[in-house]
Amino acid sequence: MHFFIGIVPPEDYKEQISVFRNKWAKAFRNRWDDNGFRDPVEPHITVKAQSGLTEDMNWLEKVRETCSSFPIFQLTLSEPATFGTAVTFLSVESKEIYNLHKNLVDAVSPPPELIDRYIELDHFIPHLTLGQTRWGMNEAEIIEMKLAAREALSPFPSFDVKFVRVFDIKKNAPFEDIKLAKLF
């Protein structure tokens, strides 16, 4: 699977998150010679993981159609939290994001084993990742980052989600922005 679909926060807040993450990255990157850190893709909230989003691109038109009929909605970023001691993230408050997620999964129709593998549908937890052990952090740093993020990244914004961004995993870069339906 070579793509995923995300929601990006407003530019000014995205920059605030990037500066925060980079300070942490620099601090722990220099502690180990072989920590394996690579710059993560821009700050985003994954709304559809890579299951079914293959290189053949057959899914792209279905995603465009789904988004064109899904109304713009409001989303709020909130308190930092963790998945155990492996990931620090900002929480997301929005009922609509669950509906958009379900609609996108339904449109792409990945096999059930991939839905389970990529933690979709009933297991979907929208969040904006700040750091993770997979990026070279240790468990204590995950907890430290959660505490630091509460101060460094508040106040947490609310914003209108007007589009989703398809990301190319191989290139670690945006591929296409797809607009949601306008409110009338």
Side-chain angles (χ1 to χ4, degrees), residues 3-25 39-51 53 63-64 66-108 115 118-132 134-135 137 141-167 173-184:
F3 300 91
F4 70 89
I5 302 170
I7 295 168
V8 293
E11 285 299 319
D12 58 338
Y13 197 72
K14 190 167 66 170
E15 180 63 26
Q16 187 177 344
I17 292 167
S18 293
V19 168
F20 175 75
R21 286 197 320 196
N22 287 339
K23 284 181 187 176
W24 275 87
D39 290 328
V41 73
E42 70 181 308
H44 66 276
I45 302 148
T46 299
V47 71
K48 171 69 187 82
Q50 53 264 54
S51 66
L53 306 182
V63 167
R64 288 178 183 140
T66 299
C67 290
S68 72
S69 63
F70 198 92
I72 292 170
F73 64 94
Q74 191 163 81
L75 179 147
T76 300
L77 293 172
S78 64
E79 289 296 315
T82 62
F83 292 129
T85 53
V87 178
T88 299
F89 62 89
L90 291 180
S91 300
V92 171
E93 298 173 12
S94 168
K95 292 178 184 171
E96 293 87 352
I97 195 171
Y98 291 95
N99 294 331
L100 178 57
H101 167 75
K102 182 183 180 328
N103 290 358
L104 290 170
V105 172
D106 289 347
V108 174
I115 290 171
Y118 289 100
I119 312 170
E120 296 187 305
L121 295 179
D122 293 340
H123 304 292
F124 174 66
I125 300 172
H127 63 282
L128 190 152
T129 300
L130 297 173
Q132 56 185 311
R134 206 172 76 186
W135 294 347
M137 297 178 74
E141 289 167 329
I142 293 294
I143 303 305
E144 288 175 44
M145 182 183 248
K146 174 187 168 187
L147 298 174
R150 185 170 285 128
E151 184 176 322
L153 297 177
S154 66
F156 304 107
S158 293
F159 59 95
D160 288 337
V161 177
K162 299 177 180 178
F163 67 94
V164 297
R165 180 162 290 162
V166 177
F167 290 92
F175 176 76
E176 179 179 330
D177 289 349
I178 302 172
K179 292 181 182 180
L180 299 181
K182 291 187 185 260
L183 296 174
F184 297 101

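Note that the coordinates shown come from a computational prediction; the quantities given were computed from them, not determined experimentally. One is the number of the first residue; the rest follow in order along the sequence.
- With sequence neighbours left out, Glu15 forms a salt bridge (charged side-chain N to carboxylate O under 4.0 Å, His left out) with no residue at all.
- Remark: Leu147 CG is packed, more than 12 non-hydrogen atoms of other residues, nucleotides or ligands lying under 6.0 Å away.
- By the 4.5 Å heavy-atom criterion applied to side chains, Leu77 and Phe159 are counted as neighbours.
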Donor-acceptor pairs under 3.5 Å, side chain of residues 67-76 to any protein atom, not counting sequence neighbours: which ones?
unit_1	atom_1	unit_2	atom_2	d
Ser68	OG	Glu65	O	2.8
Ser69	OG	Thr66	O	3.2
Thr76	OG1	Ser158	OG	2.6

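- Between atom CG of residue Leu180 and atom CG of residue Asp160 there is a gap of 10.5 Å, rounded to the nearest 0.5 Å.
- When each of Ile45, Leu100, Asp177 is checked for a side-chain contact (heavy atoms from CB on, under 4.5 Å) with Val164, only Leu100 meets the rule.
- For the side-chain contact (heavy atoms from CB on, under 4.5 Å) test, residues two or more places apart in sequence or in another chain that qualify with Ala152 are Phe20.
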Which side-chain N or O atoms in residues 121-130 pair as donor and acceptor under 3.5 Å with protein atoms at least two apart or in another chain?
unit_1	atom_1	unit_2	atom_2	d
His127	ND1	Ile125	O	2.7
His127	NE2	Thr129	OG1	3.4

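- For the atom pair Phe175 CZ and Leu53 CG, the distance stands at 11.0 Å (nearest 0.5 Å).
- With sequence neighbours excluded, the residues satisfying side chain to side chain donor-acceptor pair (under 3.5 Å) with Asp106 are Lys102.
- Counting all heavy atoms, side chain and backbone alike, Tyr13 lies closest to Leu90 at OH-CD1, 3.7 Å.
- Here the side chains of Arg165 and His44 are not in contact, with every heavy-atom distance at 4.5 Å or above.
- For the salt bridge (charged side-chain N to carboxylate O under 4.0 Å, His left out) test, no residue two or more places apart in sequence or in another chain qualifies with Glu151.
- Ile142 and Ala86 make their closest contact through CD1-O, 3.6 Å (heavy atoms, listed as atom of the first residue, atom of the second, distance).
- Remark: Leu104 CG to Glu120 CD distance equals 9.5 Å, nearest 0.5 Å.
- Among all heavy-atom pairs drawn from Glu79 and Ser91, the shortest one is O-OG, 2.8 Å.
- Looking at every heavy atom in both residues, Pro80 comes nearest to Phe156 through CD-CZ, 3.7 Å.
- Here CD of Glu176 is found 9.5 Å from CD1 of Ile5. Values are rounded to the nearest 0.5 Å.
- Side-chain contact check for Lys179 versus Lys162: every heavy-atom pair is 4.5 Å or farther apart.
- Taking the side chain as every heavy atom from C-beta outward, Val8 and Phe167 approach each other to under 4.5 Å.
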